[in-house]
Amino acid sequence: MILMSLLCYGAAMTAQEASDSSDVFYKHLRLNELTVTGVTGQTKLRDMPAPVSVVTPRELRAATGTNIIDAISHQPGIAQLTTGNGISKPIIRGLGYNRVLVVSDGVRQEGQQWGDEHGLEIDEHSVHSIEILKGPASLMYGSDAMAGVLILHSTPSLAEGEMTGKVSTGYQTNSGLFDYSLNFAGNKKGFVWNARYSEKMAHEFKTPVDGYVPGTQMHERAGSLLLGIDKAWGHSRLKWDTYHLMPSMAEGERDPLTGELEHDYALKTYHRQLPYQDIKHYKVTWDHAQHLGHGMLKAILAYQQNRRQEFEDNTAEPELYFNLHTATYDLRYQLAIANSQLSAGMSGMYQESDNLAEEALIPAYRLFDIGGYATAQTTLDRWTLSGGLRMDNRHINGYGNYSGLTGSIGAVCRVIATPTQSLNFRLNLARGFRAPNMSELGSDGVHEGTIRYELGNPDLKSEYSWQADLGADYHNNYVSAQVSLFLNRIENYIFSHHITTVIDPQYRTFSYTQGDAVLKGFEASVDFHPFHSLHFGNSFSLVDARQLHQPRESRYLPMTPAPHWTSDLKYEITHHGKTFNNAFVAVGLDCFLAQDHYYMLDDTETRTPSYTLFNASAGTDLFINRRKVAELYLTAQNIFNRAYQNHLSRLKYTDVNAITGHQGIYNPGRNIALKVIVPILF
């Protein structure tokens with residue numbers, strides 16, 4: 001389904017090349033030409049039966065956050081599991097962890113995403129645009145794409161003869177976050193390059209109740225270099241990425257007499273404090289695409305190394321040290337014939353994980369993945385039909401084989417299709433598959449990052465799902481409206497829950513179990529634009545996630561996001577040739593309803609009350625002598641400094657304040673952010 005944000009900002013190009021123009025009326029008329037890559041290769045968004053959302057380059061540049069997931073968390077159906085500064089995990093329609101696959105530069109990101117506090121090892125400055133595919137309809141990626149896929153696009157290659165640079169920097173008041181990024185790219189006679197270096201640092205964030213929270217500072221560095229050839233026959237590119245994050249870990253321990261958070265250092269420091277993590281991620285990618293006959297042959301080979309260390313004392317040796325090696329391969333052929341598109345390919349990976357410290361939360365392992373797929377899409381008058389099949393096999397050394405047959409079939413009916421309005425109905429049915437990960441199978445030990453003792457279950461079976469999506473969207477010159485309903489039936493759903501067994505008296509014990517589950521809900525959005533400069537947008541998301549045949553205490557699945565309503569009033573001003581162009585001012589609110597459907601057995605979760613946050617933002621392009629010299633963005637989040645706890649915040653379950661009786665750490669309070677982007681033309 002075409003979501004509200006896309007209807008507001010979509011452009012007549014691929015998602016990677018979305019226009020920065022603010023002429024929203026023009027964009028509405030050209031929406032049907034937008035191309036995305038999520039299901040069968042490049043296809044028009046209007047022909048997608050599965051729900052897809054696009055976050056454009058302009059939206060990403062205007063977004064404020066501490067990581068790339070912050071930029072998409074306001075999309076309908078999307079939430080995030082947070083752990084302090086810089087660490088967020090995407091949640092799509094109530095599903096996260098290894099059920100959400102993140103693809104960057106065509107490569108699945110493998111950074112030990114099984115951990116609660118394991119974020120994405122990706123430089124947000126390097127992401128140009130994002131496609132969000134909801135549901136298990138993408139057959140190109142196999143196991144772990146059960147909830148959906150986040151496709152992160154890097155900046156496309158420049159046109160022949162162009163050479164540009166860019167400097168961006170920003171500051172956020174709540175945690176003193178300061179970041180900058182330097183970029184230099186060009187194209188000379190088909191030889192292309194793109195180099196980037198970014199750095200980010202923040203001290204502890206501040207809440208209206210807890211003050212500055214010890215152990216929430218972070219320091220991030222990232223760099224990348226792309227070299228390649230772009231010719232009429234296709235392209236061949238080699239890219240190196242390096243990422244280094246050092247976040248401290250908030251434990252939430254409190255003084256029993258005062259209730260204040262304990263710390264043994266002066267707050268508001270940018271220096272790391274114990275305990276902390278040291279995370280390094282390296283990736284090299286070879287991307288080769290070549291025209292062959294009437295189609296395109298594409299191959300992507302990549303190697304990733306993820307080093308994750310946890311330090312709990314002042315010794316030089318880490319308590320935990322996971323060293324993960326991943327080699328991935330993807331070979332596909334895409335063919336266009338008349339009104340049809342065909343795609344076939346194979347993909348998989350080899351993975352090896354070693355424990356290089358005394359403690360071993362999960363056992364060392366070796367994994368081998370292989371899968372093959374075929375998809376087809378055809379257009380018949382007002383109908384577009386698409387579908388495909390995929391077969392996967394995953395072998396985990398010592399645990400056996402996990403196999404799954406997946407597929408999808410869908411249809412789009414264009415009831416109205418004129419230059420000024422359109423009405424589309426969409427239906428999709430998809431089968432998903434996910435093998436259990438090593439944390440679920442074999443964890444056994446204290447995980448300082450999650451403040452608990454974790455027990456795996458070697459008898460876990462693979463998850464299988466059936467998901468049905470039904471949607472409709474309508475737009476004309478004055479209104480855009482969409483609704484998408486989904487029903488997801490999952491066999492052998494795996495989750496962790498608190499058990500009463502005490503293994504270490506300092507920590508609560510959590511164990512993995514599984515059962516059959518049903519997730520259902522909807523996303524609805526409407527955008528009123530009585531004239532092209534004014535927009536009043538609203539969206540609402542709801543997911544109900546239940547385990548079947550269970551009493552009230554264990555009926556609802558853990559970590560289910562609360563119902564979420566967003567509302568924004570935005571005014572845009574376009575003055576071509578003037579000093580200020582593509583300017584906007586906006587006010588909005590985020591309303592999270594109470595989460596009364598929670599997993600209460602053995603105090604695994606607690607109820608979360610409702611809250612509303614008010615925000616404001618403004619931005620403009622700055623021109624001097626008809627030349628763009630900067631982009632300026634100013635954002636104010638949680639203007640009234642509301643005290644709240646998000647249901648998906650892991651810090652919600654730290655120590656109880658003995659004075660107030662309230663458990664856990666609150667989310668950050670008021671935050672004002674300034675961002676400046678300066679383009680440099682050569």
Side-chain angles (χ1 to χ4, degrees), residues 39-40 50 95-103 107-110 112-114 133 135-149 300 302 324-332 343-353 362-376 387-409 428-443 456-468 488-495 512-519:
V39 176
T40 58
L95 298 175
Y97 299 88
N98 287 75
R99 300 179 187 92
V100 175
L101 192 62
V102 177
V103 176
V107 178
R108 55 184 294 155
Q109 184 78 6
E110 288 295 321
Q112 307 183 67
Q113 54 268 37
W114 48 265
L133 179 64
S138 180
L139 302 176
M140 294 189 294
Y141 304 109
S143 175
D144 302 343
M146 177 177 285
V149 184
I300 301 178
L324 178 67
H325 305 267
T326 304
T328 57
Y329 59 93
D330 186 347
L331 180 66
R332 71 184 69 158
S343 178
M346 61 181 298
S347 62
M349 66 178 174
Y350 173 78
Q351 199 168 76
E352 183 174 329
S353 179
I362 65 172
Y365 69 92
R366 295 191 303 276
L367 177 153
F368 181 76
D369 236 0
I370 187 169
Y373 68 90
T375 65
L389 290 172
R390 180 183 177 101
M391 184 65 193
D392 282 282
N393 179 264
R394 171 171 292 182
H395 177 78
I396 304 178
N397 187 49
Y399 291 87
N401 293 306
Y402 302 88
S403 299
L405 177 66
T406 56
S408 67
I409 183 170
N428 196 76
L429 180 65
R431 173 74 162 169
F433 156 74
R434 184 183 78 91
N437 62 49
M438 277 308 300
S439 175
E440 296 163 341
L441 290 169
S443 60
N457 182 351
D459 298 323
L460 294 175
K461 302 176 182 178
S462 297
E463 294 179 342
Y464 297 93
S465 71
W466 283 105
Q467 178 163 319
N488 191 1
R489 172 70 157 82
I490 303 179
E491 303 169 21
N492 307 321
Y493 180 85
I494 301 170
F495 62 97
Y512 287 95
T513 186
Q514 61 186 167
D516 295 339
V518 170
L519 293 88

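Note: hydrogens, waters and symmetry copies are ignored here, and every other heavy atom, side chains too, is used. This one's a predicted model, so the numbers in the text were calculated from it and none came from an experiment.
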With sequence neighbours excluded, tell me which residues meet salt bridge (Lys or Arg N to Asp or Glu O under 4.0 Å) with E491.
R431

Between S443 and Y512, which heavy-atom pair has the shortest distance, and what is it?
OG-CE1, 3.8 Å

From E440 CD over to L460 CG, what is the distance, rounded to the nearest 0.5 angstrom?
6.5 Å

Tightest non-hydrogen contact, residues A435 and D144, listed as O-OD1, 4.4 Å

Who pairs with R99 by side-chain hydrogen bond (donor to acceptor under 3.5 Å, both in side chains), at least two apart in sequence or on another chain?
E463

Nearest 0.5 Å, what's the CD-CZ distance between Q351 and R366?
12.5 Å

Hey, are the side chains of T326 and Y350 touching, using non-hydrogen atoms and a 4.5 Å cut-off?
no

Give a yes or no answer on whether the side chain of D516 reaches the backbone of N492 with a donor-acceptor pair at less than 3.5 Å.
yes

Using the test side-chain contact (heavy atoms from CB on, under 4.5 Å), find all partners of Q467 that sit at least two apart in sequence or belong to another chain.
R93, P136, D469, F486, N488

Counterpart residues, side-chain contact (heavy atoms from CB on, under 4.5 Å), relative to S347 (two or more places apart)
D330, R390

Return the minimal non-hydrogen interatomic distance between P436 and I494, and the atom names on each side.
CB-CD1, 3.8 Å

Should N98 and M146 count as side-chain neighbours, where that means a heavy-atom distance under 4.5 Å?
no

Atom CD of E352 and atom CG of L367: how far apart are they, to the nearest 0.5 Å?
11.0 Å

Can you name the ring pair (Phe, Tyr, Trp, His ring centres under 6.0 Å) partners of F433, sequence neighbours left out?
Y464

Taking atom CD1 of I409 as the centre, does the number of heavy atoms from other residues, nucleotides or ligands within less than 6.0 Å exceed 12?
no

List the residues meeting side-chain hydrogen bond (donor to acceptor under 3.5 Å, both in side chains) with S353, not counting sequence neighbours, and say none if there are none.
none

Show the nearest heavy-atom pair for residues I490 and S465, with the distance to one decimal.
CG1-CB, 3.8 Å

With sequence neighbours excluded, what pairs up with D369 under the salt bridge (Lys or Arg N to Asp or Glu O under 4.0 Å) test?
R394

Output for pair (Y97 OH, S439 OG), nearest 0.5 Å, gives 9.5 Å

Step by step, would you call Y365 with L441 a side chain to side chain contact (heavy atoms under 4.5 Å, CB included)?
CA-CA 11 Å; Y365 69 92; L441 290 169; over 6 Å; no

S462 meets the side-chain hydrogen bond (donor to acceptor under 3.5 Å, both in side chains) criterion, sequence neighbours left out, with none

Acceptor/donor pairs from residues 396-407 side chains to any protein atom, 3.5 angstrom cut, sequence neighbours excluded:
| residue | atom | partner | partner atom | Å |
| --- | --- | --- | --- | --- |
| N401 | OD1 | H395 | ND1 | 2.9 |
| S403 | OG | N393 | ND2 | 2.6 |

Minimum heavy-atom distance G388-L139, with the two atoms named
C-CD1, 3.2 Å

Qualifying residues under side-chain hydrogen bond (donor to acceptor under 3.5 Å, both in side chains), relative to Y329, sequence neighbours excluded:
none

Quick one: CZ on R434 to CG on L101, what's the gap to the nearest 0.5 Å?
12.0 Å

